[in-house]
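Letters A, B, ... are given to chains in the order of the sequence lines, protein chains preceding strands, and every chain is numbered from 1.
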Amino acid sequence: ANERERARMRVLSKAFGRLKTTLPWVPADTKLSKLDTLRLASSYIAHLRRVLHYED
DNA sequence: TAGGCCATCTGGTCCT
DNA sequence: AGGACCAGATGGCCTA
């Protein structure tokens, strides 16, 4: 059970890593906590929404 | 040294 | 029954 849980968490961490790479203006080697990654991704999405709305 | 972040373990709950 | 998911606890590491 431990081993599986560890593997599951590794997958989660990798996903955070991938999410980080999708964020613009964030250099690939930047240290970013998971929380920061989440917050930046969230604000980026908000930004994108504004852009889309503006172009209507 | 306090606070933030992380990985890990563990027990409980939900799903298949 | 067994695996996936989740949340709480714990300990180590790093930085302001």
(message) Just to verify, what does A:S43 make a side-chain hydrogen bond (donor to acceptor under 3.5 Å, both in side chains) with, not counting sequence neighbours?
(response) none
(request) Spell out, yes or no, whether A:V26 and A:L48 are grouped together once hydrophobic residues are joined by side-chain heavy atoms under 4.5 Å, including indirect joins. (result) yes
(request) Grab the two heavy atoms, one from A:L23 and one from A:A41, that are nearest each other, plus how far apart they are. (result) CD2-CA, 3.5 Å
(message) Show me the pairs that pass salt bridge (Lys or Arg N to Asp or Glu O under 4.0 Å) and involve residues 1-14 of chain A, at least two apart or across chains.
(response) A:E3-A:R6, A:E5-A:R8
(request) Can you tell me which residue pairs pass the side chain to side chain donor-acceptor pair (under 3.5 Å) test with a partner in residues 24-41 of chain A, sequence neighbours excluded? (result) A:S13-A:K34, A:S33-A:D36
(request) Please list, by residue number, the residues of residues 3-30 of chain A whose heavy atoms come closer than 4.0 Å to an atom of DNA chain C; answer none if no residue qualifies. (result) A:R4, A:E5, A:R8
(request) Extract, from 5' to 3' on DNA chain B, the first and final nucleotides lying under 4.0 angstrom from some heavy atom of chain A. (result) B:dC5 to B:dT10
(request) At the 4.0 Å heavy-atom cut-off to chain A, mark where contacts on DNA chain C begin and end, going 5' to 3'. (result) C:dG3 to C:dA7
(message) Using the rule that Ile, Leu, Val, Met, Phe, Trp and Tyr join whenever any side-chain heavy atoms are under 4.5 Å apart, tell me whether A:L32 and A:L12 fall into a single cluster.
(response) no
(message) Within the 4.5 Å heavy-atom criterion, are A:T22 and A:Y44 side-chain neighbours or not?
(response) no
(request) Mind checking the CG-CZ spacing from A:L38 to A:F16? Nearest 0.5 Å is all I need. (result) 5.0 Å
